[in-house]
Amino acid sequence: MKYFFPIITLLALSCGTIHGKVGETYIQTVKRYGKPVGEFKDQYAQAALFQFKAFTIFVRYRNNVSFEEIYLKLNKTGQKEFAKAKDSLEMLILYILTEPRRLLPLESAERDALRSANYRGMWKKRKSTHEVEAMELVKGNIRIYGNYAFPNKALVITDMNSLAPKTLLKEMIQIRSQCLPLGSSFKDYYKKYGAPYYWNSSSCYFVHDSWAINVEFNTPSITKGKVYHDKQVAMKNNVYHEIFKNLSSQNVTYCSFINNIWTKHKDDFMLCKKNNEILMQQKKLSPQDQKTYDVLSTKLYYLSSPYNLDSLRRGIIKVILKGTVNTEWNRLEPNIIGYITFFTWDKGRRIWGSYDIITKKLNIYYGTGKNDYNQEEIKKIKAKKSAEEILKTF
């Protein structure tokens with residue numbers, strides 16, 4: 001017991017030297033941690049990843065001021081993989097820093113020391129669960145959250161007073177008008193966006209204004225029979241719409257091209273859409289047109305890299321979520337590096353929305369886990385449907 005206080009003191013000193021208080025500028029953060037391992041900045045968002053001492057720190061900025069910092073500690077395996085992937089921020093986030101098996105847990109004393117080092121004052125418990133230790137500090141009008149996610153081994157310090165960039169009403173109306181409900185048919189998407197510019201055996205890639213909308217359909221996983229045979233024929237003849245005609249969407253991803261990229265490649269997108277329109281009319285492209293289409297559509301498929309996209313503002317994300325599933329959406333408090341997660345319920349099934357801060361893409365999809373189904377609600381819906389069917393017979 002006599003060693004407790006020296007240990008706490010050492011932790012406080014070591015953690016105190018690494019904190020980058022929310023509210024610091026980018027230059028101040030770099031001065032504290034050194035050159036970032038990876039970073040990005042566009043007209044709506046900025047983020048940087050740092051390594052300092054035993055910690056990996058992911059910092060998000062608004063108006064060049066940090067408003068959220070996430071602290072992680074890599075284990076030996078994670079450190080080795082981190083060193084190999086240092087050149088790619090996307091790879092670091094996606095395959096290493098979101099993988100708990102590559103991380104060390106932050107001990108209670110470390111978490112307390114990091115919170116205090118980040119913002120001095122009385123930290124109090126908020127609404128902790130077995131998965132999240134939720135803490136907050138309130139000083140006058142200042143409110144800071146310091147949540148530790150046990151499964152993800154991530155401590156997230158967030159300035160709750162930071163204001164997100166505003167979204168104009170005109171923009172929100174325009175974005176809402178191009179959304180379709182999750183579960184819509186290929187025909188619905190075709191009517192809204194025209195022919196896709198690219199497609200494969202399970203997905204269609206549409207473009208509308210400067211937006212790319214990638215739709216994955218609930219294609220059955222079969223390897224024999226008539227349906228399988230018809231699918232193979234459709235793929236061979238490059239008429240993928242025959243595969244999707246009776247299917248509904250199960251996963252939709254939205255992203256927005258920056259203006260100069262959209263302007264530069266708009267005509268290419270339109271050409272690919274036109275060629276797919278021809279194929280949908282059961283006509284064949286000339287060998288030269290087919291070759292041009294194959295090269296161009298593949299090039300456009302890879303165009304939606306983070307460097308060519310704008311970050312999505314909070315207001316835009318809310319509008320897309322609501323336009324895709326018109327129910328009450330909830331946001332999970334930050335508990336993992338690189339993602340903002342939302343969820344809602346519709347007809348007894350949970351639907352997830354995940355915004356990837358690094359790739360700048362919003363993904364909306366049906367949950368497939370055991371806890372993503374409300375069996376009682378599903379029973380009520382089935383019972384109501386059966387009653388309606390019976391009434392039709394009278």
Parallel, tilted or perpendicular for [X] and [Y], by the 30°/60° rule?
| X | Y | result |
| --- | --- | --- |
| Tyr189 | Phe217 | perpendicular |
| Tyr205 | Tyr198 | perpendicular |
| Tyr33 | Phe52 | tilted |
| Phe244 | Trp199 | tilted |
| His208 | Tyr193 | tilted |
| Tyr148 | Phe150 | perpendicular |

Note to self: For Arg350, give me all partners under side-chain hydrogen bond (donor to acceptor under 3.5 Å, both in side chains), at least two apart in sequence or on another chain.
What the structure shows: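 Checked Arg350 against side-chain hydrogen bond (donor to acceptor under 3.5 Å, both in side chains); matches are Asp372.
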Next item on the list: Output all residues satisfying side-chain hydrogen bond (donor to acceptor under 3.5 Å, both in side chains) with Thr344, sequence neighbours left out; order by chain, then residue number.
Entry: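 With neighbours one apart ignored, the set is Thr327.
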Next item on the list: Could you check Glu68 against Thr158 for side chain to side chain donor-acceptor pair (under 3.5 Å), going step by step and ending with a plain yes or no?
Entry: CA-CA 4 Å; Glu68 184 173 276; Thr158 309; 3.2 Å; yes
Check: Would Tyr293 and Gln288 count as having a side-chain donor-acceptor pair, cut-off 3.5 Å?
Finding: no
Notebook entry, point to check: With a distance cut-off below 6.0 Å to the six-membered ring centre and an angular limit of 45° from the axis, does Lys73 pair with Phe55 as a cation-pi contact?
Noted result: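 The answer is yes, since Lys73 meets both limits relative to Phe55.
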Check: Quick one: do Arg126 and Glu333 make a salt bridge, cutoff under 4.0 Å?
Finding: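 So Arg126 pairs with Glu333 through a salt bridge.
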Next item on the list: Under the salt bridge (charged side-chain N to carboxylate O under 4.0 Å, His left out) rule, what do Arg32 and Glu24 come out as? Steps first, then yes or no, please.
Entry: CA-CA 10 Å; Arg32 187 183 299 279; Glu24 288 189 335; 2.5 Å; yes
Note to self: For Tyr197, is there any backbone N or O sitting under 3.5 Å from a side-chain donor or acceptor partner on Lys273?
What the structure shows: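 Answer holds: no.
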